[in-house]
Amino acid sequence: MRIAFMGTPDFSVPCLRALVEAGHAVVGVFCQPDKPVGRKQELKMPPVKEEALRHNLPVFQPKSLRNGEGVRLLQEISPDLVIVVAYGKILPPDVLAFPKYGCVNIHASLLPKYRGASPIHWAVINGDSETGVTSMQMDEGMDTGDILLTERCPIGINDTTEDLFDRLSAIGAKLLLKTIEQIEAGTAVRIPQDHTKATTVSLLTKELGTIDWTQSALTIHNKIRGLYSWPGAHTLLNGKLLKLHHSLLSDKSGNGTPGAVIPANGKLLVCCGDNRCIELTELQPEGKKRMTAAAFLNGAHLSAGTVLGENEVKS
RNA sequence: CGCGGAGUAGAGCAAUCCGGUAGCUCGUCGGGCUCAUAACCCGGAGGUUGUAGGUUCAAAUCCUAUCUCCGCAA
């Protein structure tokens with residue numbers, strides 16, 4: 001079976017690699033165009049492209065698949081099946097209809113929950129104890145196609161989105177091979193989604209990462225790990241940005257002003273809105289490298305009354 | 001030439017404006033105290049201040065160049 005692969009970020013790479021290593025005929029790889037990135041605005045190729053080049057696979061980076069462009073490219077490689085994993089583009093109907101076996105998508109949630117752009121982040125932010133991966137037969141809607149296979153995956157209380165990314169992409173690769181096996185064998189079963197239970201999540205914004213210290217310690221902890229490592233959670237310290245990379249729930253109660261810091265024994269505790277504390281374990285002041293809480297406390301010389309999240313500069 | 005912060009002991013910072021013995025917190029090593037400890041006390045080691053030039057009696061500090069790291073923006 002001739003397979004075309006569409007994907008862009010790190011998450012997609014294990015799926016592509018699995019296809020190649022399983023001996024499938026990957027006849028073409030689609031990903032987003034190279035984009036300028038970083039301070040120098042240097043062009044960087046997407047991870048999927050790097051992986052494709054490593055295997056000497058033909059790469060296509062069309063700006064759009066619409067207006068017949070997608071079909072034109074598919075005609076060059078005539079795939080029987082298209083695999084889509086976090087490609088980042090909507091596939092137009094003529095592309096969806098082109099391959100004999102249609103287009104199959106790997107989505108990092110248990111559909112119909114968390115349709116859309118950032119399912120892993122939201123599962124963690126919402127404090128879910130479980131998520132998973134779904135393979136589905138794509139239709140014209142946004143993650144609305146019939147479900148083929150699912151695999152569940154527990155979320156630990158300190159798991160970050162990045163942790164889940166790694167685990168789910170590995171699960172996705174496994175699920176993908178299994179799905180293709182069933183399609184080839186003709187044993188694939190399509191289960192329509194229960195659309196009444198569908199939820200859709202949007203793209204993340206940086207503003208989302210601003211911590212509101214009047215929220216509960218658990219809510220804040222979920223936000224910090226859910227937004228790690230991108231776009232990240234942050235607050236203000238003496239008017240300057242302070243990124244929060246990792247945190248732990250503390251069993252200590254903290255009935256001070258929400259955002260008030262309690263430095264103790266090399267640990268950095270912060271009072272939250274529910275009179276509980278969160279322990280910040282790794283952070284990064286504006287313009288500095290990331291550091292452990294102990295290192296931060298060594299040089300920061302925090303006074304007892306310091307409150308995070310306030311925009312005023314204290315002397 | 002997008003805007004900005006920063007390179008000082010193993011870590012995080014101070015001293016830089018106004019040149020004059022490089023200091024603090026922690027770690028580390030040794031000793032002491034204690035039923036005991038991540039606690040406390042005493043002591044030690046560890047620096048050609050990112051690099052290269054320049055000014056000066058004297059440069060971490062002033063001037064010039066250069067490398068690296070990071071925040072914002074994209």
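Annotation: B/rG4 and B/rA74 have their C1' atoms spaced 15 Å apart (nearest Å). Look at the C1' atom in both B/rU66 and B/rA58: the space between them is 25 Å, to the nearest Å. A gap of 29 Å separates the C1' atoms of B/rU51 and B/rU28, to the nearest Å. Distance check on atom C1': B/rU61 versus B/rA22 gives 11 Å, rounded to whole Å. B/rU56 and B/rG46 are spaced 34 Å apart, taking the P atom of each and rounding to whole Å. Atom name C1', nucleotides B/rG10 and B/rG53: the rounded distance is 31 Å, in whole Å. Comparing B/rC69 with B/rG50, their C1' atoms sit 11 Å apart, to the nearest whole Å. Spacing of C1' atoms, B/rG19 relative to B/rA38, comes out at 43 Å, to the nearest Å.
Between the C1' atom of B/rA38 and the CG atom of A/Leu297 lies a distance of 14 Å, rounded to the nearest Å. Per the geometry, CG belonging to A/Leu242 stands 12 Å off P belonging to B/rC13, to the nearest Å. Atom CE in A/Met291 sits about 17 Å away from atom P in B/rG5, given to the nearest Å. Taking atom CH2 on A/Trp230 and atom C1' on B/rA74, their separation rounds to 12 Å, with Å as the unit. Rounded to an integer number of Å, the gap from CG of A/Leu283 to P of B/rG12 is 13 Å. Atom CZ in A/Arg290 sits about 9 Å away from atom P in B/rG71, given to the nearest Å. At whole-Å resolution of the value, CD in A/Glu286 and C1' in B/rG4 are 8 Å apart. One can place CG of A/Leu268 at 15 Å from C1' of B/rC26, the figure rounded to the nearest angstrom.
Base pairing of B/rC18: no nucleotide in any strand meets the Watson-Crick or G-U wobble criterion (both distances under 3.5 Å). Using N1 to N3 plus N6-O4 or O6-N4 for Watson-Crick, or N1-O2 and O6-N3 for G-U wobble, each under 3.5 Å, B/rC72 pairs with B/rG2. Pairing for B/rC13 is with B/rG23, a Watson-Crick or G-U wobble pair whose two hydrogen-bonding atom distances lie under 3.5 Å. B/rU64: Watson-Crick or G-U partner is B/rA52, with both key distances under 3.5 Å.
A salt bridge links A/Arg72 to A/Glu69: at least one charged side-chain nitrogen sits closer than 4.0 Å to a carboxylate oxygen.
Side-chain heavy atoms closer than 4.5 Å link hydrophobic residues (I, L, V, M, F, W, Y) into clusters, and following such links, possibly through other members, connects A/Leu73 to A/Val27.
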key: side-chain contact (heavy atoms from CB on, under 4.5 Å) between A/Leu244 and A/Leu242, worked out   = CA-CA 6 Å; A/Leu244 312 176; A/Leu242 182 66; 4.2 Å; yes

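When heavy atoms are screened at a 4.0 angstrom cut-off, A/Lys243 is found touching the sugar-phosphate backbone but no base atom.
The side chain of A/Gln284 places an N or O atom within less than 4.0 Å of a non-bridging phosphate oxygen (OP1 or OP2) of B/rG71.
Across B/rG71, B/rG12, B/rC69, the shortest atom-to-atom separation from the side chain of A/Leu241 is found for B/rG71. Relative to the side chain of A/Lys288, the nucleotides B/rC72, B/rC13, B/rC70 differ in distance, and B/rC13 lies closest. Closest approach to the A/Lys206 side chain among B/rA73, B/rA11, B/rG71 is made by B/rA73 (side chain taken as heavy atoms from C-beta onward).
Within the model, atoms CD1 of A/Ile220 and CD of A/Gln215 stand 6.0 Å from one another, a figure rounded to the nearest 0.5 Å.
A/Thr8 is not listed as a side-chain neighbour of A/Val85, based on a closest heavy-atom distance of 4.5 Å or more.
What you find for A/Leu227 and A/Gly209 is that their closest heavy atoms are CD1-CA, 3.4 Å.
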